[in-house]
Amino acid sequence: MSWFKRERPANGTTSQPAEGARRVRTEGLWLKCEGCRQIIWRKDLEDNFNVCPQCGAHSRIDARTRLRLLFDGEYEQHDTLLTSTDPLNFSDSKPYRERLASNQGATSLSDAIISASGKLHGRLVNICAMEMKFIGGSMGAVVGEKITKAIERSHAERTPIVIVSASGGARMQEGAVSLMQMAKISSALMRLDEGKVPYISVLTDPTTGGVTASFAMLGDLNIAEPGALIGFAGPRVIEQTIRQKLPDGFQRAEFLLRHGMLDAVVPRGELKDYIARALRFFCGPV
Amino acid sequence: MSEESSGALGSRAWQAVQLARHPKRPHSLDYIQKIFTEFEEVHGDRAFGDDAAIVCGFAFLDGKPVMVVAEQKGRDTKQKLFRNFGMPKPEGYRKAIRVMQMAAKFKRPVITLLDTPGAYPGIDAEERGQAEAIARNLREMARLPVPVICVCIGEGGSGGALALGVGNHVFMMENAVYSVISPESCAAIIWRDSAKAELAASALRLTAGDLVGLGIVDGVISEPPEGAHTDPEAAARSLKDRLRQSLSELAAMTDDELVQHRYEKFRRMGTFVK
C-alpha cells in the first residue's frame, strides 16, 4: 500500500517544471559536511580541494589531487614501477599479494605514494604525496625506497623536498622490513640535513605510527592541516592502555601546535603559498 | 624464507615470544652488571625528567670506555611500575640521544640494549612528542661518528626499540624477538582476536633467525639451551664475547667510514620488483 497515489517518475526527477540541471540524477551530488553537518554540493567541495566552503573543515584528498594542488601544472613522476616483493610471504584474511593487487587496481598506483618533481610557484621541487586509499597509506619497503630515492635526488640536485604524509604508519604485512624503512629514511634525511637542502614536512589527516616517528617529524618545518590527527600511538591504543577517555581535540593538529610539536597549522587553501614563501626564505628568490 | 608458515614454525616463533618475555629473563641491568666494570649511571634529558625505562651510563669493557644505553624492565610489581614496564617516554629517548652525543664528542663507542614492549602509548608521552623523540633519535644515531652496536636482548617492540637501534652492528639474542607490531596487536587487527597471537607471531617473522634471513640483523648471540634465564652468566658471557669482537672490528674504521657503513647497512633494507 502506498501513501501517495501518484507514482514517482521512473527517472527520479520530479514533475515540476525543471531546469536542465534538475533533470540529472541527484544521488551522490550532495554531501553532508562532517564538520558542520551542512549539506554541500559535491562539486563545490571538490573545487575547494575538499575543504567545506561553509565551515572550513578539511576532508581528505588523494595523492593526485594533492599534487594538483601544489604543482603549477605538469609534473614528472619517479620510480612508478617499484612494487613490493612480499618479503614475509604474509597472509591474513587474504594473501598480502592479493591485497596489493587489489589496491593497485583500485588506485592505479604501485604502492601508497607518488614521488614527483615539478614547479611550485616557478621553483623546482620534489614532492612525495602519500595515498591513504592504498592499504591505509602504510609504509612498506616500496614507500620507504621511493621516499629515500626522492631525498637522495633532492640532495644530489640541491632541490627542496616536500613530503606530504597521510598514513597509519609502518605496514604490518612487511613486518620488520617496514620498520627498518624508518631508519633508512631518517638516515637519508641526516645526509640531506648535512647538505643543507630544505625539507618541509606536511602532516595531513591522519599521520600516525612509524611515519610520524620518522620522516614526518624531521622537517626543517613541520606543518599540518587543520584538524589533522597526528600522533605516535593511535587514539584507540592509548584508550585501551590507560583506560580513560581521551580529552577533546587530543592528537589534532591544533593540540600539537599548542604543545610545541608543529611550526604551523596551515589551511589547505594557503598551503602552496606558505611552502613557496618558506622556500623563498630558505633558498632565496626563484 | 618463502615456505608457508607451518605449525612447527609457529610454535618456534611463539616460544621465542614467551622466552623473550619470561619473568626471569635477564634484563639490561643484569647484563650491564655482568659485562662491564665501573658502570656509572647518567640521568635525565636536561629538559623534562629522568625516564627509568631507559638506563644510560658510562662503563668499561675490558678496561676500555664505552657508553651504555639500555631499555630496562622491572622484575617485581614495584620495579615494573618504576620502570613503566620498560616502555620509554620521550624524555627517555631524549636522554638516550643526549648521552650518545656526549659519547661521540669524546670518541667513545656506544652500546645499546633493546628490550621494550614498545614506546609508551599515553597522553603525556604524546603531549611531549613521543614521535618526534623517536624520529630525532633515528636521524641523530645515523650521524654518530663512533662505533654503535645494538643488541636486542628480549623484546624489540617496534619504533620503541628502533629508536635505540640504528647501529653499525645489530645483533639479537637467540630468543629475542623484534617486530613492527606485537603479535597480540597484529592478531587483533587481522582476526579481531588477540588470542590468535601465536599465529600472528609466526606470520610476522620476528625471531632472530628470521631477521638474519631478512638481512635486518647481523648475527644471533647464542643463549643456553633452555633460554637465557636458565643460565644468565652463560648468556652474559656470549653477549660479552660478541661485543668484544664487534668493537674490535669497528675499531679499524675511521669516523667517516663508520657513518658511511651504518648508512649503507640501512640503505640496503627492503627488496623490490622494478
Side-chain angles (χ1 to χ4, degrees), chain A residues 81-85 87-93 140-142 144-145 148 170-172 174-184 186-191 193-194 208-210 212-218 222 230-234 237-238 241-242 244 246-247 250-251 255-256 259-261, chain B residues 1-5 118-123 125-143 156 158-159 161-163 165-166 178-181 185-186 189-191 200 203-206 210-211 214-217 259 262-263 266-274:
Chain A
L81 298 177
L82 280 186
T83 31
S84 171
T85 56
L88 307 192
N89 200 6
F90 197 91
S91 186
D92 45 73
S93 50
V142 171
E145 184 71 10
T148 306
R171 186 173 294 167
M172 185 177 72
E174 293 188 22
V177 176
S178 51
L179 182 67
M180 294 304 144
Q181 304 308 309
M182 294 167 63
K184 179 164 107 180
S186 304
S187 301
L189 285 173
M190 177 275 287
R191 287 195 167 178
D193 183 53
E194 305 230 310
T208 59
T212 323
S214 60
F215 60 87
M217 277 292 168
L218 292 176
N222 299 326
I230 301 163
F232 173 65
V237 175
I238 299 174
T241 309
I242 61 171
Q244 331 168 2
L246 298 172
F250 180 66
Q251 292 185 316
F255 173 93
L256 273 90
H259 284 91
M261 295 300 148
Chain B
M1 301 304 297
S2 60
E3 80 267 38
E4 287 297 310
S5 47
Y120 182 62
I123 293 178
E126 295 286 326
E127 282 175 340
R128 294 197 292 278
Q130 187 70 286
E132 195 274 346
I134 295 170
R136 181 179 295 268
N137 278 24
L138 300 179
R139 187 183 67 194
E140 297 309 318
M141 282 189 84
R143 210 190 306 253
S158 195
L162 183 65
V166 185
Y178 199 169
S179 174
V180 70
I181 187 169
S185 305
C186 177
I189 292 172
I190 298 175
W191 298 288
L204 284 167
R205 306 214 176 261
L206 42 62
D210 289 333
L211 271 85
L214 289 167
I216 289 170
V217 162
V259 175
R262 205 177 309 129
Y263 186 84
F266 285 90
R267 183 66 190 85
R268 280 192 299 271
M269 289 182 188
T271 51
F272 324 94
V273 187
K274 288 187 185 164

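Because the structure is a prediction, the values reported are computed rather than measured. In what follows, chains carry the letters A, B, and so on, assigned in the order in which the sequence lines appear, proteins first and then strands, with residues in each chain numbered from 1.
- Chain B forms the most heavy-atom pairs under 4.5 Å with one residue out of A:Met217, A:Lys184, A:Gln251, and that residue is A:Lys184.
- Within the 4.5 Å cutoff, side-chain heavy atoms of A:Ile242 are placed close to those of B:Tyr120.
- Of the listed residues (B:Cys186, B:Ser179, B:Gly118), the greatest number of heavy-atom pairs within a distance under 4.5 Å of chain A belongs to B:Cys186.
- The closest side-chain heavy-atom distance from B:Leu162 to A:Met180 is below 4.5 Å.
- Nearest heavy-atom pair across A:Thr241 and B:Pro121 is OG1-CG, 3.6 Å.
- The part of A:Phe255 that comes within reach of chain B is its side chain, from C-beta onward, which places non-hydrogen atoms under 4.5 angstrom from that chain.
- Side chains of B:Glu126 and A:His259 form no contact here, defined as non-hydrogen atoms less than 4.5 Å apart.
- The candidate with the highest count of non-hydrogen atom pairs below 4.5 Å against chain A, out of B:Asn137, B:Ile134, B:Val259, is B:Ile134.
- Comparing B:Ala135, B:Ala125, B:Gly159 by heavy-atom pairs within less than 4.5 Å of chain A, the highest count is held by B:Ala135.
- Contact annotation for A:Leu81: both backbone and side-chain heavy atoms come within less than 4.5 Å of a heavy atom of chain B.
- Per-residue heavy-atom pair counts under 4.5 Å with chain B were compared for A:Met182, A:Arg171, A:Gln181, A:Arg191, and the maximum is reached by A:Arg191.
- Proximity to chain B is absent for every atom of A:Glu174, based on heavy atoms less than 4.5 angstrom apart.
- From B:Leu138, atom CG reaches atom CE of A:Met190 across 12.0 Å, with rounding to the nearest 0.5 Å.
- B:Tyr178 and A:Leu179 get closest at one heavy-atom pair: CE2-CD2, 3.6 Å.
- For a residue to count as touching a neighbouring chain, one of its non-hydrogen atoms must lie under 4.5 Å from one of that chain's; by this rule B:Ala119 touches chain A with backbone and side chain alike.
- Scanning all heavy atoms of the two residues, the minimum distance from A:Thr212 to B:Ala131 falls at CG2-CB, 3.5 Å.
- Contact of B:Arg128 with chain A is made through the backbone alone, with heavy-atom distances under 4.5 Å.
- Of the two parts of A:Met261, only the side chain, counted from C-beta on, holds a non-hydrogen atom closer than 4.5 Å to a non-hydrogen atom of chain B.
- The most heavy-atom pairs under 4.5 Å with chain A, out of B:Phe266, B:Trp191, B:Tyr263, come from B:Tyr263.
- For A:Ala188, the parts sitting under 4.5 Å from any heavy atom of chain B are the backbone and the side chain alike.
- In this structure, the portion of A:Ser84 lying under 4.5 Å from any heavy atom of chain B is its backbone and not its side chain.
- Your options are A:Gly231, A:Ala233, A:Ala213, and the one with the most heavy-atom pairs under 4.5 Å with chain B is A:Ala213.
- Contact annotation for B:Ile216: only side-chain heavy atoms (C-beta onward) come within less than 4.5 Å of a heavy atom of chain A.
- Note on B:Arg268 versus A:Glu145: no salt bridge recorded, every NZ/NE/NH1/NH2 to OD/OE distance being 4.0 Å or above.
- B:Ile181 touches chain A through its side chain: at least one heavy atom from C-beta onward sits under 4.5 Å away, while N, CA, C and O do not.
- Residue contact with chain A, scored on non-hydrogen atoms closer than 4.5 Å, is absent for B:Val217.
- B:Arg139 and A:Leu218 get closest at one heavy-atom pair: NH1-O, 3.6 Å.
- Heavy atoms of B:Leu206 lying under 4.5 Å from chain A are absent altogether.
- Scanning all heavy atoms of the two residues, the minimum distance from A:Ala183 to B:Val166 falls at CB-CG2, 4.1 Å.
- Taking CG of A:Asp193 as the reference point, atom CZ of B:Arg143 lies at 4.5 Å (rounded to 0.5 Å).
- The CZ atom of B:Phe272 sits 8.0 Å away from the OG1 atom of A:Thr85 when rounded to the nearest 0.5 Å.
- The side-chain heavy atoms of B:Val180 and A:Val177, taken from C-beta on, include no pair separated by under 4.5 Å.
- Summarising the geometry, atom OG belonging to A:Ser187 is positioned 10.5 Å from atom CD belonging to B:Glu140; distances are rounded to the nearest 0.5 Å.
- For the pair A:Ala176 and B:Leu211, the tightest heavy-atom approach, listed with the atom from each and the gap, is CB-CD2, 3.8 Å.
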